[in-house]
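This report refers to the structure that appears directly beneath it.
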Amino acid sequence: MAEDTEAQAGTFEVPEYDAQAIETKWQKTWEDEELYKTDTDPAKPKKYVLEMFPYPSGDLHMGHARNYTIGDAMARQARMRGYDVLHPMGFDAFGLPAENAAIKHNTQAAKWTHQNIAQAVKTMKRMGFSYDYDRMFNTCDPEYYRWGQWMFIQMWKRGLAYRATSPVNWCPTCKTVLANEQVVEGRCWRCGSVPEKRNLSQWYLKITDYAQELLDDLDTLTGWPENVKAQQRNWIGRSEGAEIDFKLADLDGVTPTDRTITVFTTRADTLFGTSFMVLPPESALAAELVAGTQYEADYLKLKAATEKVSSVDRQGSAREKHGVFTGRYVVNPITGKPCPLWVADYVLLDYGTGAVMGVPCGDQRDFDFARKYHLPIPPIICQKDDPLYDRLKDERDLVVTDVDWDQAMAAEGYLVQSGEFTGLLGGKHSPAVAAIEGWLQEHGCGRPKVQFRLRDWLISRQRYWGNPIPMIHCDACGDVPVPEDQLPVMLPEDLDLGAGDTLAEYAPFYETTCPVCGRPAKRITDTMDTFTCSSWYYLRYCDPHNDQAPFSKEAVARWMPVDNYIGGIEHAILHLLYSRFWTKVLRDMGMVDVDEPFKNLLCQGMVKDENGDTMSKSKGNVVPPSSVIEPYGADTMRLAILFVAPPEKDFNWDPEAVAGANRFIKRAWRVVWLLAHDGVRGEVVPAELSKQGKDLWRQLNGLGIKCMQDYDRGQFNTAISACMELVNAASGYVNAPGGEEDAALRWRVAHDIVTMLAPICPHWSEELFHAALGLAGSAYNEPWPEFDADEAKSDEVEIAVQIKGKVRGHVMVAADASKEELEAAAKEAVAAQLEGKTIKKVIVVPGRLVNIVAI
RNA sequence: GCGGGCGUGGCGGAACUGGUAGACGCGCUGGAUUUAGGUUCCAGUGGGAGAAAUCCCGUGAAGGUUCGAGUCCUUUCGCCCGCACCA
């Protein structure tokens with residue numbers, strides 16, 4: 001009988017691995033059978049796996065391929081592990097590139113967009129991604145953007161959407177305003193132009209209402225990478241301090257008036273050191289105070305100069321500060337002394353109160369400014385070992401002119417010349433801060449204040465290809481929302497962008513009547529930032545065909561939050577912060593029950609070229625996915641991408657690594673065929689296996705468990721390496737197989753290899769599942785194999801014998817040896833080296849090592 | 001300046017809660033198959049010494065805790081990323 005088996009194995013010819021034929025065949029079958037339709041079995045636990053949807057600017061690139069391969073492996077694995085899986089895909093279809101392409105090629109933005117989408121979908125299908133295409137939508141579909149408009153109106157009703165006039169970032173190239181988040185390193189996030197400051201009437205969403213919660217809830221996001229959370233904390237920029245009221249002095253420069261100017265500071269402890277106050281050039285108050293005075297001309301010059309200097313130049317130059325005196329004074333509330341009121345370009349209008357108390361001793365910027373304009377630098381903080389401390393600690397109001405500093409004092413130190421507070425320890429959150437804030441509050445001229453760096457989200461864009469803001473401006477009634485039964489405000493698709501048509505000048509769009517008074521009125525022609533569209537798309541996937549509401553509460557309750565969200569780090573602030581905000585707003589509207597939309601976040605690393613440079617069309621170093629799919633197939637591509645590095649790390653494209661992945665897939669193909677052809681489906685009885693069969697069985701269980709744990713951790717590279725080890729072991733077995741007694745084992749190992757690799761190489765697995773294993777149905781629906789940790793243990797293990805922590809030998813012992821037996825065996829193994837030494841202590845770690853402490 | 005992360009062979013990377021550092025792969029070396037190249041298969045591959053058993057050194061550097069440290073603590077050097085005149 002055994003002879004027969006061997007003879008068969010010898011003559012059996014393994015079919016060739018033809019990736020192209022296999023992949024096209026199964027892709028068609030999967031589509032015909034709707035294999036990836038979302039499960040709806042409430043008895044099962046759910047898993048929502050989502051990859052950040054793409055902007056359809058052309059075909060998919062390597063970054064997309066990596067992103068979606070990671071998500072697909074997660075989704076497939078979850079399904080096989082018994083989860084009800086939601087794994088959708090769609091397109092973030094509004095945006096400037098489509099509009100620019102339409103202008104350039106004299107076509108329509110919609111047409112260009114849909115062509116790109118068609119191509120991208122084709123590539124997604126070619127990659128074998130398991131999306132539920134029935135749930136696919138594009139944000140430019142009226143059925144989708146309708147609800148974005150509806151949500152805007154709900155926010156408007158709640159006071160979370162508003163219109164305001166203020167200095168905004170205007171990109172001269174994109175011809176639209178930008179949100180703060182979209183000005184990256186002082187430049188437009190999309191085109192790199194330096195935005196201008198313009199004073200415009202724009203629409204905002206009140207994200208600042210949620211600043212504290214957005215910050216606090218970051219602590220609950222244990223499944224998010226630290227750097228993303230850090231970036232968001234940074235961006236929200238919470239800072240604890242105090243507001244302090246200074247009275248504006250009368251024209252005599254001494255007598256306090258009724259007008260106050262309030263500053264924000266985190267360093268109330270340095271109040272005694274305030275020698276001037278600064279307003280920003282844009283300040284309306286400053287303009288008013290200098291109007292008609294001798295100081296006005298200089299002020300206007302500074303204001304004009306500041307407007308001209310871009311934010312990039314402001315950072316790039318040596319940061320020289322410019323200022324002018326206003327001719328007026330303010331009164332320091334704690335000393336009663338007058339301080340000159342200046343205007344300077346280093347103060348920001350929109351942070352804090354837009355006014356700063358100048359403390360040159362404690363702040364480098366104030367110090368630089370004081371030096372340049374010869375303002376006093378009163379010492380109010382120093383170290384106890386500084387001779388200055390002894391000189392000043394008991395004196396009051398000493399004018400010190402002989403200090404020889406070239407920079408402000410260290411942030412922490414002891415107060416001097418600070419009245420009753422002299423001697424207290426000063427610094428951020430110091431006793432001195434608390435004491436002086438207490439004094440201010442008691443005297444009614446100050447109060448604690450929490451300040452955020454985060455500004456409201458500017459969402460209006462002066463562009464065509466976006467979701468129209470559903471508002472109407474009526475001269476009589478003001479801004480009124482479009483009635484909800486008239487939604488969506490349809491974006492007209494017959495504009496001739498090539499000829500310069502814009503929404504603002506397109507009468508058929510903007511001409512309307514006021515829904516309140518019925519008189520002629522004008523539609524708002526701004527569209528919404530595309531990030532509004534991507535702020536809730538993950539909710540729509542839960543219920544994509546709903547035409548009564550954006551989604552049903554039940555559907556969202558079933559699937560949210562997203563369990564695994566995968567995408568690029570470039571959205572660390574923009575999309576991920578906006579989506580968190582949007583979710584919280586919808587929660588407060590009673591539409592969703594979750595506080596946070598994304599439970600686990602994975603920011604995949606970049607795919608760079610062979611030299612470590614980012615791939616780009618202009619550099620000509622782009623490796624398109626097709627260059628791998630065509631010669632090797634999608635499965636090799638997927639395997640290579642996941643194996644070469646952990647998902648969150650950048651990696652350099654390496655053709656050798658791809659060839660290696662292809663080598664493995666072919667080797668595994670052969671091994672599976674040989675095992676399966678010679679195996680029989682049935683229960684493995686470990687006790688009856690051949691010797692080499694027992695070894696293989698043990699390894700199967702051990703590696704199966706390791707592989708599963710690695711999948712759970714999202715460590716695909718090591719999950720694959722476990723599969724490789726198993727294939728290596730099986731390959732060794734095939735070269736010297738056991739007999740009939742191993743038939744069930746052979747089949748089982750073949751089956752498990754196919755199953756364990758199914759999330760990564762789905763076509764390869766599906767083909768073997770049917771052709772080699774002779775099974776019906778789909779490998780995608782195959783339950784994950786069960787492994788037994790006990791079966792992974794061998795009877796004997798090799799343990800290390802250490803002397804004082806250094807490995808000095810190895811010894812084979814029974815796996816279930818007692819500590820005493822281990823110790824005895826270890827001592828024997830290194831007896832020679834223990835000679836003449838005294839054993840102080842022996843540490844026994846069963847299954848691993850024995851450490852003998854001997855001197 | 002503030003915040004986050006990372007330093008392991010020739011390379012990508014393993015080592016999950018301290019327990020035999022370098023799994024797995026790439027590359028390289030030798031061998032088999034082949035007319036040859038390629039493919040495939042077998043063996044080897046951190047550095048140093050040695051014929052070998054074996055020994056010494058090794059996770060950016062220096063200290064520390066521990067029977068034992070890539071892993072924990074302190075200091076330090078280097079690199080990457082984010083924010084930045086935010087008061």
Side-chain angles (χ1 to χ4, degrees), chain A residues 184-186 225-239 241 263-267 270 278 280 311 314-315 317 319-321 344-348 350-359 362-366 368-369 411 451-455 569-570 572-573 639-640 643-646 648-652 654-661 663-664 666-667 670 703 706 709-710 712-713 715 717-728 731-732 735 798-810 840-854:
Chain A
V184 179
E185 290 175 354
E226 222 34 68
N227 62 337
V228 173
K229 288 191 280 186
Q231 280 186 51
Q232 292 211 357
R233 281 193 194 100
N234 233 317
W235 189 260
I236 295 166
R238 185 180 196 272
S239 153
V263 299
F264 171 75
T265 180
T266 56
R267 294 296 305 274
T270 63
V278 201
S311 50
R314 260 163 101 167
Q315 285 175 39
S317 69
R319 291 181 182 174
E320 186 172 344
K321 298 165 178 47
D345 58 1
Y346 75 99
V347 175
L348 306 171
D350 56 353
Y351 184 74
T353 61
V356 171
M357 62 184 213
V359 185
D363 183 283
Q364 189 59 40
R365 294 156 300 176
D366 296 343
D368 294 342
F369 190 74
Q451 185 65 46
F452 292 95
R453 213 186 69 104
L454 182 71
R455 312 293 150 81
I569 188 76
E570 67 274 15
I573 296 173
L639 182 72
F643 179 63
V644 73
E648 66 281 354
K649 281 202 73 164
D650 289 355
F651 73 79
N652 298 351
D654 178 6
E656 300 286 358
V658 179
R663 212 173 297 151
F664 168 70
K666 286 197 284 199
R667 210 154 55 87
R670 183 172 166 272
L703 291 166
K706 181 180 187 308
Q709 288 170 345
D710 288 343
D712 286 342
R713 289 193 295 152
Q715 290 285 320
N717 55 332
T718 50
I720 292 166
S721 88
C723 293
M724 287 174 167
E725 284 186 74
L726 181 57
V727 168
N728 289 348
S731 179
N735 288 341
E798 190 188 54
I799 62 158
V801 183
Q802 297 182 329
I803 297 177
K804 287 179 75 180
K806 297 209 172 208
V807 179
R808 282 291 178 266
H810 294 95
K840 291 271 180 197
K841 195 175 175 184
V842 178
I843 290 103
V844 180
V845 185
R848 292 197 179 270
L849 55 79
V850 176
N851 187 8
I852 301 167
V853 187

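Within every chain, numbering begins at 1; the chains are lettered A, B, ... in the order of the sequence lines, protein sequences first and strands thereafter.
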Looking at A:Q715, is its backbone amide N or carbonyl O close enough to the side chain of A:D710 to form a donor-acceptor pair, meaning the two atoms are under 3.5 Å apart?
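Checking the backbone N and O of A:Q715 against the side chain of A:D710, no donor-acceptor pair under 3.5 Å is found.
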
May I ask you to say what [X] touches in the nucleic acid, namely base, sugar-phosphate or nothing, with a heavy-atom cut-off under 4.0 Å?
{"X": "A:Q709", "result": "nothing"}
{"X": "A:F264", "result": "base"}
{"X": "A:R233", "result": "nothing"}
{"X": "A:N652", "result": "nothing"}
{"X": "A:R453", "result": "base"}
{"X": "A:K840", "result": "nothing"}
{"X": "A:D650", "result": "sugar-phosphate"}
{"X": "A:N717", "result": "sugar-phosphate"}
{"X": "A:V356", "result": "base"}

Taking only the side-chain heavy atoms of [X] (C-beta and beyond), determine which of [options] contains the nearest atom.
{"X": "A:A230", "options": "B:G19, B:G4, B:A87", "answer": "B:G4"}
{"X": "A:E798", "options": "B:G19, B:G5, B:U20", "answer": "B:U20"}
{"X": "A:I573", "options": "B:G82, B:U20, B:A14", "answer": "B:G82"}
{"X": "A:T718", "options": "B:A14, B:C24, B:G5", "answer": "B:A14"}
{"X": "A:W235", "options": "B:A87, B:G25, B:C83", "answer": "B:C83"}
{"X": "A:P646", "options": "B:A14, B:C85, B:C83", "answer": "B:A14"}

Rounding to a whole Å, what distance do you find between [X]:[atom1] and [N]:[atom2]?
{"X": "A:M724", "N": "B:G25", "atom1": "CE", "atom2": "P", "answer": "6 Å"}
{"X": "A:N234", "N": "B:G82", "atom1": "CG", "atom2": "P", "answer": "12 Å"}
{"X": "A:E656", "N": "B:G38", "atom1": "CD", "atom2": "C1'", "answer": "13 Å"}
{"X": "A:R670", "N": "B:U39", "atom1": "CZ", "atom2": "P", "answer": "17 Å"}
{"X": "A:Q364", "N": "B:C2", "atom1": "CD", "atom2": "P", "answer": "13 Å"}
{"X": "A:R667", "N": "B:G25", "atom1": "CZ", "atom2": "C1'", "answer": "10 Å"}
{"X": "A:L348", "N": "B:C83", "atom1": "CG", "atom2": "C1'", "answer": "14 Å"}
{"X": "A:D654", "N": "B:C28", "atom1": "CG", "atom2": "P", "answer": "12 Å"}

Using both pair distances under 3.5 Å as the test, note the stems of at least 3 consecutive Watson-Crick or G-U pairs that include RNA chain B.
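B:1-7 with B:77-83, B:10-12 with B:24-26, B:27-32 with B:40-45, B:46-49 with B:54-57, B:60-64 with B:72-76 - these are the stems of 3 or more pairs that involve RNA chain B.
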
Looking at [X], does any N or O in its side chain come under 4.0 Å of the phosphate oxygens OP1/OP2 on [N]?
{"X": "A:R663", "N": "B:C24", "answer": "no"}
{"X": "A:N227", "N": "B:C80", "answer": "no"}
{"X": "A:K649", "N": "B:G13", "answer": "yes"}

To the nearest 0.5 angstrom, please state how far the [atom1] atom of [X] sits from the [atom2] atom of [Y].
{"X": "A:L849", "Y": "A:Q802", "atom1": "CG", "atom2": "CD", "result": "4.5 Å"}
{"X": "A:I852", "Y": "A:K804", "atom1": "CD1", "atom2": "NZ", "result": "13.0 Å"}
{"X": "A:M724", "Y": "A:R667", "atom1": "CE", "atom2": "CZ", "result": "8.0 Å"}

Nearest-angstrom distance, [atom1] atom, [N] to [M]:
{"N": "B:G37", "M": "B:G44", "atom1": "P", "value": "24 Å"}
{"N": "B:G58", "M": "B:A49", "atom1": "C1'", "value": "15 Å"}
{"N": "B:G60", "M": "B:C6", "atom1": "P", "value": "13 Å"}
{"N": "B:C11", "M": "B:U59", "atom1": "P", "value": "16 Å"}
{"N": "B:G25", "M": "B:U20", "atom1": "C1'", "value": "23 Å"}
{"N": "B:A84", "M": "B:G3", "atom1": "P", "value": "16 Å"}
{"N": "B:C72", "M": "B:G12", "atom1": "C1'", "value": "28 Å"}
{"N": "B:C41", "M": "B:G48", "atom1": "P", "value": "30 Å"}

For A:L849 and A:S731, take the nucleotide of RNA chain B holding the closest heavy atom to each; which residue's nucleotide lies nearer the 5' end?
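It is A:L849, whose closest nucleotide lies nearer the 5' terminus.
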
Report the residue (A:Q231 or A:S239) whose heavy-atom-nearest nucleotide on RNA chain B is the more 5′ of the two.
A:Q231

Would you say the side chain of [Y] lies within less than 4.5 Å of the side chain of [X], judging by non-hydrogen atoms?
{"X": "A:V356", "Y": "A:V263", "answer": "no"}
{"X": "A:T718", "Y": "A:R713", "answer": "yes"}
{"X": "A:N227", "Y": "A:I569", "answer": "yes"}
{"X": "A:M357", "Y": "A:T270", "answer": "yes"}
{"X": "A:N728", "Y": "A:F664", "answer": "no"}

Assigned glycosidic conformation for B:G9 [threshold 90° from 0]
syn

Salt bridge check, A:R267 against A:D363: does any charged N sit closer than 4.0 Å to a carboxylate O?
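Salt bridge: no.
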
What orientation do A:F264 and A:Y351 show, parallel under 30°, tilted 30 to 60°, or perpendicular over 60°?
perpendicular

Sugar-phosphate means primed atoms, P, OP1 and OP2; the rest is base. With that split, encode nucleotides 52-74 of chain B 5' to 3' as B, S or - using protein heavy atoms under 4.0 Å.
---SSS---------BS------

Any luck finding a side-chain donor-acceptor pair between A:R453 and A:N234 under 3.5 Å?
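Side chains of A:R453 and A:N234: no pair found under 3.5 Å.
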
If we ignore angles and hydrogens, is there a donor and acceptor under 3.5 Å between the side chains of A:Q364 and A:D368?
yes

